[in-house]
Each structure stands twice: as C-alpha cells, then as structure tokens.
Amino acid sequence: MFIDYSLYILFLPLLAFVIQIFFGKKLPRQGDWVSILAIVSSLVLAVIMFASMISGYDPNFKQEASFTWIDMGEFKIRLGFLVDNLTIIMLLVVTLISTCTHLFSTEYLKGDIRYSRYFAYLGLFTFSMNGIVLANNLISMYMFWELVGVSSYLLIGHWFEKKSAADASKKAFLTNRVGDIGFFIGIMLIYNAIGSFAFGDIFNGVASEMITGTTLTLAGVGLFMGAMGKSSQFPLHIWLPDAMEGPTPVSALMHAATMVAAGVYLAVRIFPILTPDALLVVAYVGGFTALFAASIAITQRDIKKVLAYSTVSQLGYMILAVGTGVYTAAFFHLLTHAMFKANLFYGSGSVIHSMHHALHEKHDHDTDPQDMMNMGGFRKKMPITHWSMFLSTLAIAGVPFFSGFLSKDAILAGTLSFAQHHPQHFLLPVFGFGAALITAFYMFRMMFLTFYGKSQMPELIDDIHESPKIMTGPLVLLGGLSFFIWYTLPYFNFMSSHGWFTDLVVPKDSSVPGNPSADYISKGAHHAHHLAMYLSIAVAFIGIFLSWTFYIKKSLSAEAWSKRLRLLYRWSQNKYYFDENYNKYLYQPTLRLAKKVAWVDWELYDKYFINGFGRLTNLASRVAGKFDYDGIDQVLVDGTAKIANFLGSLLKTVQTGKLQNYVLYVTCGLIILMIIQTF
Amino acid sequence: MPVAEIVFWLVAAFTIISASFVVLNNQLLYSAIALLFSLFGVAGLYIFLWADFIAGIQLIVYIGGINVLIIFGIMLTNKISSVRLSQTNVQQGVGAVIALWLMILISLVISKTPWLQIESSEPSETVSVIGTLLLSKYLLPFEAISLLLLGALIGAALLSREAT
Amino acid sequence: MDQLNNYLYISAILFSLGTFAVMTRRNGIAVLMGVELILNAANINFVAFSRFGGMNMDGHIFSLFVIVLAAAEAAVALAIVINIYNNLHTINVDDAALLKE
Amino acid sequence: MGIVRGEEMVLNIGPQHPATHGVLRLQVKTDGEVVSQITPYMGYLHRCFEKHCENVTYEQVIPFTDRCDYLSSMSMNFGYVVAMEELMDIKVNERVEHIRVTMAELQRIASHLLCTGVFGLDLGAFTPFLWALRDRERILDLFELTCGARLLYNYMWVGGLSHDIPNGFVESTYEFLDYFEPKVDELENILAHNKILVERSADIGVMPKDVAISYGVTGPNLRASGVNWDLRKNDPYSIYDRFEFNVPVGEGIKGTVGDCWDRFYVRILEIRESVKIIRQALASMPKDGDVHQSLPKKLRPPKGSIYSRTETPRGDLGYYIESDGSPIPYRLKMRSPAFTALSVMDEIGAGWLLSDVLAILGSLDIVLGEIDR
Amino acid sequence: MGLLTNKFQDNVIVEKLDKLLSWSRSTSPWFFQFGTACCAIEMMAAAASRHDMMRIGAIPRSSPRQADVMIVAGTVTMKMAIRVKKLYEQMADPKYVIAMGSCATSGGPYWQHGYHVLKGVDIVIPVDVYVPGCPPRPESLIEGMLKLQEQILEERPLTRKMT
Amino acid sequence: MVKYFADIYNSTTAILSGMYLTINHLFRAKKGIATLQYPEERWPRPERTIGFEHGSYNVIRSRLHVDIDDCIGCLKCERACPVDCIKIETEKSPNRGEDIKDINHIGITSNSTKKALVVTRFDIDMSECCYCNLCTYPCPEECIFMTGGPNESRHSIDYEFSEPERTDLIYHFSKPGTKDGLQEMLNNREAEA
Amino acid sequence: MTVDFIYNFLNDLLPGFLGNDLLLILAMLLPFFALFGFITIYGFGVIYAELKVSSFIQDKTGPMGQGYGFHAGKWGLLQPVADGLHLFFKEDIIPATADRPLFILAPFLIFIGMFVGIIAIPFGEAIIISDMNIGIFYILGIGSLAVIALILAGWSSNNKWALYGGMRSAAQIISYEIPAGLSLIVVILLASSLSMQEIISYQSGGIFNWIIFDNPFMPIAFIIFFISALAETNRTPFDLPESESELVAGFVTEYSGARYAFFFLSEYVNMFVISAVAATAFLGGWQSPFPNFLNTPAWSVFWMISKAFFLVFVMIWVRWTVPRLRVDQLMHLCWKVFIPIGLFNIFGVSIWTVLRG
C-alpha cells in the first residue's frame, strides 16, 4: 500500500502538470482546479499514509521497490523508491505546504497572464520534490534534484518580464550548479568505490569499509556541497534572497518549506556516511551561516528579504544540528520550520497583496509594497494575518509552548553537548545561541514595524483590507500548527508508546566505523538538555525585549544605534558586500582569465604554432611529392596498371554489362562446382 | 492418403504453378499477381511446417508490403494509360537449360544426402520462443537488422526523392 | 508432408525458377520478382530444417531475418528502379549498362 | 503525393460529374494529384436566353429570366423589373417594394442555404446538405403560398406583382424566421467550425483582392476577398437604403482573407443579415396598396436603352435592354455574376490538389443556367 | 443479366422467380443523378428530407454503371445530347429512363426558339416515363417513379417471349 | 508543439460536437422528421382567399384546364403564352349565341356572353408549358385556369399526370369531332341552301 | 466452434456414416456455410441500419417500403434484400478497354480477404472457427489482401477516376495499417499473447478488467485503432477512394451488378471484422460486462455481436457527421499524429507495465 500510495502521490502532480501545460489555457478557470484536485488527492493520500504509520508504529519500518533502468551487462543502474518513516513525514509536509500554496495562489495570482503555466510548474515542482523524498538511491535523487532546480528556475522567473526576476532565476540556477558539481563528484566517488547508488548498499559498503578515510570524507563533503547549494549555506547563500523576486506563494513553498529543505533532507539521509571530519565541516558551515545570515536580517527593510535571511539562518541551524550529530533534531526543526516559515511567507504575501491593492487604489506605482518602512499599524486592519503571523513569530523566536521552541531546543542541546565533549569547538554553541538571540530580535522587529505602532504611510491605511478567505485559510491552518501541541500528538495517541514527535524518527548509528553511536549522542544531548532550555528561553526573551524597547517603547533609538555602529550596520545592510565581492574577485577575474586564455589560444598557439607546423609540412610534402611522382608513380604504379590494363582488355569481352549474363556465368560456375563436388 | 496430405500436395502444386506463371508470363502485372499467389502458397507450406508465426509474417510483409510495393513499382514505371505492360526476355534458351540443370543437380544432391530427421512434436507456442531468442541469443543480429532497415528506409527515401 | 525431402524439392524448384527469371528477364522489376522467389526458396529450407531438426526455432529466426532483408532489399531496389526509370525512361536492366565501359 | 511523377494527365471533370453543379466541363491537367491547369468549357446548358428575348414581348421575358439562375429566380425577376421600370419610368408603390424586398431576401436565404449545403457536400459532409435543403423547403413553402410555384415564380411583374401576398403570409414568415435562426446556428456549428472543414477550406484557393477586382468577380465571392461592395449599400435600388444591415466581408478568421472558408462563411453571415432585412421589411410593410400599376395592355417602352444592375445572391446582375418602341425588345443582354466567378477558376485553382479544386469550385457557387444562358 | 433473359418456358417456378425479380427491380430503382438544369434542383429536393425518394427505394448513384434509372432532369442541349447517349449506353441492363420536366420531354419553353436545345430527350434515348412540369414538383417526380415501378413490376424478364 | 496538441484537441472537440448534434437528430427522430409520406399523405396546399378579383383564379401551378363550354375563342391566352404551347383554331359560328346540338356546342357562356366562334381545336401541350400562369390572366371568361386550389370545386388539383407516352401530354379540350361535325353541318347547310 | 468439436459431434451423431476424411471435410465446410449465412444476414442488417440511421440523422425516414404493388415490407425492412437481388441479376458489364482477368479477379480477391478474416474471430469460449496461435496477427495480415484487390480494381478498370481511387486507397490502407498495428501491439503487450482467445481471457471479470480501462493509455490506443479502422474501411472521413464529389465512385466506378455488390458487401464485412477485432482487443470480446453473470455461450455470442455492432453503429454515425479529409491531410494525420502518439503509447504502456510489476 505504501509504495502504491507514494507512487500516486508522486505522479498525480506530474499528471496535473502535463494537463496544465498542454490544455491549461483551454480549460475553465484556466484549469487551476486540475492542479488543486491533484494536489489535494495527494495530500489525502499522504494523510492516510501518515495515519496508518502512526497507528501501527514500527521504528524500523521500510519498504523498497526498484527496477532496472539501464542494463548493460555488468553495468546496471537500478532506480527505485524507498518509503520509511522519514519519507512519510516528508511527503506529508510537502503535500500539505504545496496544497496551501495552490489554494493561496488562486487568489494571489488571480488574473496573471501565465496563470495556468504557473500551476503547471507548481505541479512539476511538487512532483520533483516528492521524487527527491522518495528516491532510494543517489542517482534518481540527483535526477529529481536537478528537476527541482529547473522548476525553481521556472517559478522564480515566473515574471520574467522583470529583469530582476529573470536575473534572480538565472542566479539561483547557476549557484545551485556549483553545489551540484560537488554533489555529482561525491556520487561518483561513492559509486567508484561501492558500485551502487542505492542508500542501503552504500551504508553497508561504508560499514564494511569499502571506502574509508580521506576519500570518504571527500565524498561526504562533495555530497554536502549539493546540500549547501540547495539549502543556500554560507558561500553559496547568495541566491536565496534574490529568489524572493518570484511570487510570494512560491517563496513560501520552495524557499521556506520544501526545496531548501531538500538540502537538509539530503544531509539527514547521508548522515551515516559522514566521517567526523566531514561532520565538522558541516557543523561549522551551518553554524556560521546561522549567525551570519541572522546578522544580515536585522537591517533589511524589505519584508521578504528579512524572511529570506531568516530562512538561511534557520537552515544553518539544521545543518549545524546534522554536523553535531543530532540529525533527528535537524529533521524535526525542518518540519516545524516548514510550517511556521511557510506561514510567515503567506502572511507577508497577504500583507504585500493588500499593500499592492492599496497602492493600486492610490495609483502609486513608485512606492515599494514590500518595504516595511511603509507599513505599520496593520494589526487592526488585518487581524487574521496578524494573529497567525504572530503565532509563527513566537514559534520561530523559540518561545515556550510553540513548535519552534521544541525543535530549537533539541538542536541547541545537541550543540551544547557536542561542545562539552569537544571543548575546542566552543564556537558552535556560540553561533547557535547568538543566532537565536538575533532571530528573536529581528523577527519581532519585523512584526512591530509591520503591524504595530502608527502607520508610516497614513494615506494608505484606509485601503488596507484583510485578504480573502482563500488566502487566510492557509494562514489560519498553519498558524494553528505553530502550537507545540501538534508535535506531541503521538504522545496522546493511545496506540503509540512514543512521546514527542521527534521520536518518530529514531536516530540510527552512523555507518562510519568509529563515529559515536546514536545512543551516545542522544544521551549527551539529554544531559545538556536542561541547560540548553534555560539558556534558549533566556536568549529568546532578551531578543524580544530588545526589539520591544527599540520599536515599541522607543526608549532606544534605532537610528542612533545604527549610527553608532555604522560600520557594522552598513556591512549588514549590504549583506557584507558578498555579491560585490563575488563579482570583483570571482566573476571578473574569471572573465579576464578567459579572455587571456582566448588570446593565447588564438594569437600565439593558432597563429604561430599551428600555422608554422603547416608550413613545415608543406615543405616536406613537396620534397616527398617529387620522389613519389618520379620514382614510385611512374615506374612502379603505372607499370602495374599497364599490366592490369592489358589483362582487363582481355577480360573485357566477358563484361557485357548485362545483369542476366552475369547471373548466367554465376550459375554456370555453381553448376560446375556442384558437379565437381557431387561426382 | 489422408486429407492433410492431399491439401499439402495441392498447396505445393499451387505454389509451383504460380511461381512458373511468375517466371513465364510476359505481362508484368500478371506476374506480380501470380507472385502473390505463390507467396500465399509458401505461407501455406509454413503452416505445414508448424511455423505459424512465420506464416503470419509472410502474409504481412510479403503480401501486404513487398507485393504491393512491386505493384506500385510496375505502375510507376509505365505509362498508366497503357493497360498491357508486357516485357521481353533474353537468352531464354540458355537460361532454361541452365535452370533445368540446376534443378536436376540440386534434386540429385537432395536425394543422395541421408538427411537426419529428429522426431519432434508440434510446439504449443512459437511466438514467445521466437521473441525470447531474438532478444537473447540473436540480439546482435537483431540490432544489426534494425540498423539495416533504417538504412534501407533512408536510402529508399533518398533515392526516390525528386532531384531538386 | 512429413518428409524433409518434399520441402527441399519444392524449394529447389522455386529456386531454379527464380534463377531462370533473374537470368532471362530484362525488366528490373521482373528480376526483382525472381529474387523474391529465390529468397522464398531459401526460407522454406530454413523452416523445414528447423522443423525436422528438432524444432529449435533457430531456422525461424533466420527466415525472419531473411524476410526483413527482403523487405529492405525490395524497397531499395524499387527506389533504384524508379530512379533509373526517371533518368533513362526504361527499366530494362541491360539498357542501363553505364557500368560497361 | 506524386503518384505519377512527371506524367501529365488530362482529366475531364464533367460535363456529368457529381461536383460540377450542373453540366460544366473542367478540363484539368494534373500531375499526380496536383492540378496544374484548369480550363472550364461551357455551353452545355446554352439555352438561347438572349435570342429568345428578342422573340417574345416584354412581359413574356419574365418566365425566361426565371430559368437563368434557377436558384434565385426572384432576384432575377427583380433585376429585370427594376430595369424595365427604370426604362419606362414607372414608380411602384410602397407595398410592392416591401413585398419585393422580402421576397428577394427570402430568395437570398434559400440560395445561400443551398450553396453552403452543397459546399459541405463537395467536402463529403452529406448531412448538413440535407438539413439545409430541409430549411429551404420552408422558404419554398412561403413562395408557394404566395405565387403557387416552388422554383420558377414569374412573380414580379413590370409595375407590380402577379398577386398580392395572401393573408397570413406575414405571420408565417415571422414564424419561419423564428424557427430558422437557431437552425443557422446548427448549420454553422456542424460546418463552419468543424476542424476538418476548416482544414479543407481555410487557406485554400485564396482569391486576393486585386485578382477578384480585375476578374470582375462580384457578390459574396468579392466580399469574401475583403472588398466591401454591395449594390444594396453602394448603389441602392428599390428601398434597400431604408434598412439597417451590415455587409459582411471576409476577415480571414481561419486562414487568409479570400479563401474558400471565407467565401463559405460570408454566405452564412449574409443569411443572418437577410433575416434582419426581412424582419424590418415585414415590420414596415404598408397595410394596403394595389400591387398592380395600371399599365397599357402591351408594354411599349420608349425608344432607348438602359443598363441596370441589382444584387442577386451571386453578385451583380446587370440587364441591358434596348428598345425600339415595339412590344418586343430589340436587344436584351444579361451580365451574369457566376460567369465572372467561373472565369477566375484557373487563376485561383491551379496548383492545388484535385480535391481542393472541387472545394474551390463549390465555394464559388456557380449556377450554369446563368453562365451559359 | 443477358445470360438468363428470355430463356425459359413459362411455368410456375419461373413465374414466381420472375415475379421476385421484377419485384426486386421495382423496389430498388437506383437512379443516376443526371441533373442538368432547373429540374436538378427539384430532383435534389425530391431526394432530400421533405420528400425523401429513399422511401420508395430510390437511392442516388453517381456512376452510371450501378444505376437502374436515369432521370434526365433539365434541358438537354445539342452539345450535351451526345453525352446523354453515351451515359445511357454505359448503364447496365435493365435500364430505364425518366424524362423529367418539360425540357427533357419536348424542349419545353425552348421548343420554339431554342436553336441549341434538343427537342425532347426521346430523340436520343428511349424514355419510359415522362414527368410533366416546369419544373415538376418533387411529388410529381415521385409519382413518375411510382408509375415506372408499376411498369417494371409487370415485366416478366425470364419468360420467353412468345413471338 | 502546443499548436500540435491544440490542433488535436480542436479537431476532437469539433468532431465530437458534430457527433453530438447528429446523435441528437437520431434520437429525436420522431420530432424532427420532415418527411412527407407522399402517396399516403400530401402537403396541405396553401389555401388562398386573397381579396382581389383574381381570387377565382388558382395560383397553384399545376395542370391547365379549359372549360371549353365557356370559351369564346378570343385567342388572348394563345397570345399571352410565352412558349406558344396553346393552339386554338376557331370557325365562325353560323349564328351568334346559338347552341349547336350536333357538336355539343353551347352558345352562351356562364357569364352570359354570346359566342361568335366555334372552337374547333383547343390543344395545350403540357410538355411544352412553362407553368408561368400568364395565360390565365387575360381570359375574359375565366375559362382557362390551373386546376386545384380555390377551384377545387370545379377541378381537383392535378400535378400528377406522368405518362409513359409523350403524346398523352397533349390535351385536347375541344369536344371530339367538333371540327368535322361543324364542317359537315356547314356542308349540309350549304347543300340545303 | 472449432472443427474438432463439430467433427466429434458429427461422429457421435452419425457413426460410420461417412468416411473419416469426408466427415472432416464436412466438419470444415459446415462452419463456412454458417459463416456465409451470417454474413448474408449481417449484410442485410447493416445496410438497412445504414440507410435508416443516415435517414434519421438527416431528418427523414429512409426506406418505408412505399411504392407500387408489393412493396418492400413494413418500414422498408426488405429494402436491402431487393437491392441485393436486383444487383445480382443486373447486367454485368466488363468494359472493352478493361483488363479482363484482373477486372474479374479483384472483387473476388477482396471478398475472400474480408471473408477469411472472420474465421479467427471468437464469438464465445469455444465458438470460434479456428483458434489460432497468432489470431490477431493473422487478421492484420489477411486484411492486406484488400490493398492489392483495390489496386487491381482501380487499375484494371482503365478509368482515370478508378485509378485515382485505387491508388489513393492503397496508399491509405498501407499507411493506416501502421497505427492500427501500433495500437494493437500495446494490447499484445498487456495480454502477452497473439491469440484472440487469450487476449479475451486476459480481460475476464467485468467491465473494469477490459483492456480499454486497463490504464490511462489504452483509451488513446483504442481511439487510434478505431480511427485507423475507419480509414482502412474507406469510410468517411477517409472515404477519399470512393468520394462521390471528387472521384465519382472511385475504384468501383466501372463495376456494375454482382461485382459491384461484392465490393459493396465486402466494405461492410470489413467493418464488422475490424469492429470485432476492436471489441476483442479493447472491449473484452465475448465477455459479459458483469463479472460472472450472463456469461453462458449464448450470451457470449450476444455480447460479442452487440459490441461489434455498437462499433459498426459508431462508424455509421461518424460517416454521416463529418466531411472528408484531403489526401495530404490524411497522410499528415497518419504519419504525424497517429504514429508518434502510437509510439509514445507503446513507451508509456511499457513503463506502466514495468512500474506495476
């Protein structure tokens, strides 16, 4: 049943995509109902799968189905599908968020010129994301990985008339490619050593030491590079904020909940083969990204940019958790983050939507509807949006009794315990807690600027309205899911003996010999749990308090502080000049190098070496030709030909040019042969 | 003589008579039609040889394909308005003698050779066996023949294109 | 009908008839028909040997290949014949003797 | 297809062929299926109309005009009486004018119905043809109610009509129109937007504007080429200037302007316009009025000549009448619209496939009666 | 049919067979659409929905080879007369001709001054039934067809003629 | 590519909609059938009761009929006929308005006109007639008319008169033997005189 | 019914009445006579249906048996009989310029081609004349005889219209055999057999087990097969070879009397054969649409015939709805639409089969 259902979940969106892309425009309502029907069916199936997983819980549940894709004798590639607890939860998340996005988009993109195409691409994306989730081997995962890249490219560039959108989609695509090269190298390293792409075979192979040491580390880091690209980790983080050029529901679906989570998912999947060195790389990259992105988010004015950097930061958290070994916590955070971050994006979409309408009423086309400095005081006007966003903000800030608190706490506990065991890596918890502090601060900054205080553009406030029901529906749903209670549901499930949601995924031991066992890690984390909890609560409340003083009470002036920390402020505001630096130190030198190389190739190599060689050859051939003609040709060849000519003129009489005669000769010959043979 | 035997000899006679009609008739179209009957007879012989799949292939490829092609060819290369499409022969006398000799010799060989005959029973299923063989033992020839067909296709298309 | 020889005789007759056609006919298409007869004769042999050699289907495969070859050959040959007709306005093969000199 | 390459074959389509709409002979040179030249041969239905008219009196000409374009006899009558009235300077009364316009437009609908139906038949759709004929029968019933004849009416006389319309005619006409309008939709649905028919007729046999004008093509064929020329608007006769109607022109909706589909579709649009005109004419028809002008027993037009033209369903119909003062016309010449339409056949028909040639012929809507006269 | 015509003595079986044969012929008079002028339109109308000649078994054929009845509908000109004769000769026996309308019957309106009109199609081919009218109403044509059926039904094709 | 599929889609829908139309006609055959089962039922002839005095003329173009007893031999119909299918010959009657018993000649018409002429020949060749109705208008005695319609009381409608012989389509309306009888009578009178 | 069955039955009925061989011949001939009777009755029925359906579509009544004397029965039920009889006793013209032997051969060749196809069509579990290993293949192969017959008919008439008709029909039939074959291959792929009976037994168990409902690709395959079948039977919208308004009567222009009747009848028999193949391959053959209900031999004959007749009815229905295509459009449809989609279909079904295991 699981395999069947998951196949349906996989292919229904693809079907919707096919229908939409070919017939979408012809269908009533541009066919959005086709996509919605498909995705809702998928959601229902996913819920059924999830329910049956809970009711008959088996920590080691696993089903696999595979078939041979390429069979060339020794070389075989088998593709297949893997369903386990992780997959089922992931499918639920993907289909849930995707459903919300579909519903939200019907209103948000109403009247768009490529409405049906948009839904088609959503279907394609959902298909490929589900494919990543369901893949049981690296190669099909890679295939779906690329498909996700393509559909992300298409969706970010949905409004490709805008140059910024087109550029952003290209940037996202190319940046991802960088990571994917690493990914592919990793895959090939592993295949070279083990001879299979399937996860099961790889884990067994690593456990039996078919691949060890530096190679394994390199392979792990390579695979992790893919995750870095997709989850926009530190050096490759530049694409995600730009990707906010796409429609907001797309940001919610892909750049908050699913696509960027694919990297984390990959990291979680490959965790058992990561060596300690690789894990350290992972942890540092994640931790640094968490703090670094959070520090950018403080100063952003664009509401979506804030959320984008927040996402990068949160993803850094998850990666950090993987790196420190508590990968179930990473997965848990992935889950909760998907819910509240998607909700935040929907909320921001709702705000932008109404801002947009309000500006439209005023015929004001210059003001940026996404700028928080133009908002303020929307609380009364958009109560549903406000409350749901508020709940999610509490969750992301890590306030107790909200989902984010649980997952964040688990991660911080893991980090803390790691640092306790390895004191030289004390920076990791610092990254973690620092990021938590800043997160609470900037998230509430965003809330306060948007919904509280006085309106900063008072002429607009009368035209701000609550969004229609189809948009607030997902908001309410996901806002409700920010409460911690849902993630403890299994605890109240009389059929299950398991407590927290996070326990649904039982950590497994790493396959790499010598890595600490899962039991060891979880014990450590448990040990550090209480300390981490208190610290994180404290940090969260400090952040909130700071934000309150800055933006509500205004006892501290934001302007004054920004002047005081001018350098930092400017760095943060300009994203640490990353794009500029990349441009200056990476792109331009590369281009210059390419030009140099081209010059060398054309001017030097081609002109002198190749042509000179040609001249030399010419000379030699003239000499040879003389010898050839006078010596060989005249005497040897012509002599032979003369003889042949003579013989030919003899045989010419037989050559009548008539087919029938030839056949006659052949048959005669045959008869003679037969007579000789027979008698 | 059992009925089947009579039918066999009838089919054989039918085949050979049609074939000689093909060879001896001077009107091309009649030859083509006679060829059709001859091929039909050969298909009948295949059925006697328990090769029903080959018989079906013979029907489709030879009768539905090659014979129609030949008829088309005849019509394309003659003035349509003239019904009688006669043609001429060369070296008929010599040819007849040699062909007769050939036949006699081959018959002699056949009659003199002690052929090994293995008793076997009619297979219940031929198609699946042929299919399996084609994709296992004879995979390479199968691929080669597909390439050849492709080449022939392209070649025929190229040749019959108008030279513009 | 349960004798290998019968089939071989039939095939021999078909073969010599085909040869006769190829030797005597001037028209290209008639020659082609003769070739088809020869191929059919060969096919009968293949299938007959397969039937009396233990029914092991290899002969069937070969006759299958022959039939496919015949189809390809007929297509190409007719294309050539039509080309010749278009260029020389004849399809008598001995008139198309450009190869002679 | 090139079945028979390089070999030209001469085909004689007609004089007896299901698709020639009568006894026309098209000598067609084909190369395979591609037609390289079309030569229409006429005269298989030459019935000596013009010479006949020099032997009968002016009243007696009318039955012969009927027989020229037997698909639109009313319009042929109309043209003749308009010419005669112009020649003799007769003014007929309002009621007569309204009845004449009603009849002419009903006749236009009937003629176009047959044309569209036959066009479908030429392309292989049998059913719409019979549906069209079924509705045409209703119009013929109306004519029969009025003048007793189904096809050749002899209804419009110089200076009036042969009969007044009967009681109940107006009501039955309204009833017919109400019945008919949905049927036009049905016809359009099964023919005009059928993909196969569109494929068969769109972009086929394109008659560009300048070709149409230089060959003197008139009527729906000209309008389908995008020329807005309708005598009812451009040179109004009778009382056409009083009615609101549009002149549909070909817009190349499915292909190029002036292709077969346009010629076909313009006729369907004209049917709708005619329905409009009939409704207006019926609404504004005076209640009474003598349908006979008091005229001499024998019509003796003054010496002189006249050329008068009217718009029949096929285009401009011109009558040239020369009178020498006797009761018998000295010379009567008819300029028939279908003749010019046929003459353009080679220009637009060559180069297409055989099937297309017949589609083009069908779309030109020729009637041999008036071509050969 | 020529093989069996008039070869048999009159007896019961032959008579029954004769009846069957003439019944089948009279019941399915497939007609050859030979419309030339105005009458052709009325012939179409007779075959169309309102009057539906198919009710009495008359189905239009476009090839003379398969038709039994040739309905000459409309004016036959001198130029066309040759073709009419040719087409009539191409029809297979038994064949019948209906002259529809005045023109086909006697030249009609053109009998006097029509220098190019054949004065009646019976000059070139034998006519079985003349249908009057100019043009005849579809009912008239059907009535003519019924008259023809009546004639056919009384034929005894197999019986040897006593001469 | 999109056009390719759009074409497929378009043709499918167009054909399906056409098929929907035709199947509708098939299943609603009872309601929609327009056929007239001719020999059994006939289309009702339009009834004409229009006001002007031609009301007594029939407008249905069917067979011509002449009430020869009312004919005064004025030749107006012959002159009106565009195709000259009416042939009339007359002889002077010996006495104007006198009945001549021998040849069934009635001297006074129903309109009480006294006849001056005896119609010895009144032939109408219906195979030449062009059914234009022109002859019926000028008749002063209204004795030539197309049958049926309002005249049904006098002569029922008649458009079904196909004949296997062409000569049967020539209708002789003058009473048989009129010409000879009149000649004989005149001869007799001459002889008597 | 297989020959063996009849043979045994006769042997039991008349033990030793005839020699074994004669009995065998009798057992072989009997089903052929039954078949001939069936075809005759079917021919009358289907021609009547065509007349009536077309008439109702066109808002008229069609043959009503009116007319003089003893007319064609109530509602014209005897109309086809009269048509057939009068055709068979008509003069049989062979044009002087025609190629006499081929002119005579063509109608028989086409009729034999159509007729022999029926013997592989199953009407019930045991009601089949010959249950061949390669049944579906055999029908396809024997159908190609028609091509040659049509070419011969067109060519030997020595008439330009006939020649055009023959050439067009040959090109058309050869082309459309490919998409028809492609869509049948899909069926063979699923049923993994060429035998008609096994294809049917694959579909046992009610309407949802029919191949057409087997997977989403099958309706497409069915539609392609059905339209190709229309083309192979030369019916509108593919009736170019005998299109009345273009080629007078196409390849039958010169045929009259009984020979014409053969062409006429063989078209309808071909319709039945193709419909029966479609019913077998896609609609469950003689299987009842209800699982294990109404599945007795008598009912199975009923199901088979009613399914085939339904498809024949659809063919008639289509004929009276649509206009006809042009030659190049016909070829375009075949080579650029049906064959790519058919190939894609094979691909899709293969993947589906693999994924479903």
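Values below: every heavy atom of this structure, side chains too, minus hydrogens, waters and symmetry copies. Each chain gets a letter, A, B and so on, in the order its sequence line appears, and its residues count up from 1.
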Checked E/P29, E/S49, E/A58, E/P64 vs chain G; the most non-hydrogen pairs under 4.5 Å come from E/S49
So, the part of G/I93 with a heavy atom under 4.5 Å from chain E: the answer is side chain
Carefully, step by step, assess E/K95 and E/D68 under the rule side-chain contact (heavy atoms from CB on, under 4.5 Å). CA-CA 5 Å; E/K95 48 193 173 185; E/D68 307 298; over 6 Å; no
| said: Is it the case that the ring center of E/F32 lies less than 6.0 angstrom away from the ring center of E/Y88? | reply: no
query: Taking the six-membered ring for Trp, are E/Y115 and E/Y110 ring centroids under 6.0 Å apart?
result: no
The interface call for E/L148 against chain G, heavy-atom contacts under 4.5 Å, is neither
Bottom line for E/M145: the part with an atom under 4.5 Å from chain G's heavy atoms is neither
Cut-off 4.5 Å, heavy atoms of chain G, and the answer for E/A67 is backbone
G/K52 (side chain) donor-acceptor with G/P63 (main chain) under 3.5 angstrom | yes
Which of G/W161, G/F263, G/F262 passes ring-ring contact (aromatic ring centres under 6.0 Å, His included) with G/Y255? Answer is G/F263
